[in-house]
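Just below is one structure, and these are the notes that go with it.
Lettering follows sequence order; numbering is per chain, from 1. Since this is a predicted model, take the numbers as computed values, not measurements.
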Amino acid sequence: MHGHHDVVAGPALWPAIPVAAVALLHLAGVVRLHRRGVRWPVARSLAGGAGLALLAAALVVPRTGFVAHVAGHLLLAMAAPLLLALAAPVTLALRALPTAGRRRLLGVLRSGPVRVLTRPPVVLALELGGMYAFYLTDLFALAHAHPALMALVDLHMVLAGLLLSVVLVGRDPLPHRPGLVGSLLVLLVAAAGHDVLAKVMYARLLPAHAGSPDEIRLGAQVMYYGGTVVEVAVAVVLMATWYARTGRALARERRRAVRTATVPAARPARG
Amino acid sequence: MDTTTERPAATGRSILAGVLIGVGVAAFIDETVFHQLLHWHHFYDGSTLEAGLVSDGVFHAGGWLAIVVGLFLFADLHRRGTTVPKRVWAGGLLGWGLFQVYDGLFQHKVLGLHQIRYGVELLPYDLAWNLSGAVGAVIGAVLLFGPARPIAARP
């Protein structure tokens, strides 16, 4: 390996610090709720822990070679954000914070910028725009030459992935969350955009200087199929959520139907 | 409740679930059998137009989404007892057949995505691919007509 082709970042441990800080905050929130006698669902804690672990692993393990880089990208930008969105971090924070902090957080969540950032077209532009700019232009080589730029790119990928996951399957309440059909369309555009990018990388051997042609082709295929795995997982979560919600509505409807059919006859017997 | 006539909403949902599952199965067979197991199809064969890459990306993503959504819709119809099996088959065969013909004629030929197989006389493969799809679509279209009942209304 030589020069700026070198993708070895060295054993940089500092990216693990913010991840560990978030993990500690998460833990503190769960402990505080527990002391108050409120049970925070274990599944959510597990999702949060797993998401943060994937994030730390992807940031700390050196991404040697293009295939490893793509694998890291899949974890950072897709798998970890999905798990973090399922952990409902905002709900946890709102419940665990004292009143003043809760008011401040609510103020931020209701502010104009947050409302704009969670609009589907904005989310898609950030997600796909960031990825296309990174993999198809010189930004890839530049970021590998300048660690600070790479850290910014990583941060963008995590946050954009998180926004997309939050809008599609996040367990936190969100104003203007798209309905089922809208969510599926957003997922289709994001998934198709990801697949097209991987094929363009394969066909045009981009990013330039990322490795040998064989490495780039293999990396592009890992991106294509690995992305599909996460996209299918998002689709399953989205549909399972819909299935459970409509199931509850159906059960209510059936109970009401049973009640209206039996109540007039049952009342005299009870009284 | 009238059990002899089908309710239009449930019928439409049965067809929709069928179409989604059909498209999903076609995409699934294409990916697993022809790309991964037989290695007849190529990931990219150098002759693909830009539009081919986009169309392929949309249908690869759409196929997987379709099968997930279709199966959940089917499960929902079943728990309500409103599945109309004949219409599910109609939608399924239509979805599979039309996707197969779209893939065989438009994506392979017009957009030059890739061919069914390389290093062989293509005509029999193309005929088998597109005719099987067309026959499936025709049978599906025929099943859209005539009487059909939801499962709950069956004796």
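- The residue among A:Val189, A:Leu187, A:Leu197 with the most heavy atom pairs within less than 4.5 Å of chain B is A:Leu187.
- Cation-pi geometry between B:Arg13 and B:Phe74 is not met at under 6.0 angstrom from the ring centre and within 45 degrees of the axis.
- Contact tally against chain B (heavy-atom pairs below 4.5 Å) for A:Thr228, A:Leu238, A:Val234: the top residue is A:Thr228.
- A donor-acceptor pair under 3.5 Å is formed between the side chain of B:Lys86 and the backbone N or O of B:Phe145.
- There is no side-chain donor-acceptor pair under 3.5 Å between A:His194 and A:Tyr224.
- Contact annotation for A:Ala190: neither backbone nor side-chain heavy atoms come within less than 4.5 Å of a heavy atom of chain B.
- Of the N and O atoms on the side chains of A:Tyr225 and B:Glu31, at least one donor lies less than 3.5 Å from an acceptor on the other residue.
- A:Arg217 does not touch chain B: none of its heavy atoms, backbone or side chain, sits under 4.5 Å away.
- For B:Arg79 and A:Thr246, the side-chain atoms include at least one donor-acceptor pair closer than 3.5 Å.
- With respect to chain B, the highest number of heavy-atom pairs below 4.5 Å among A:Leu188, A:Val232, A:Leu184 belongs to A:Leu188.
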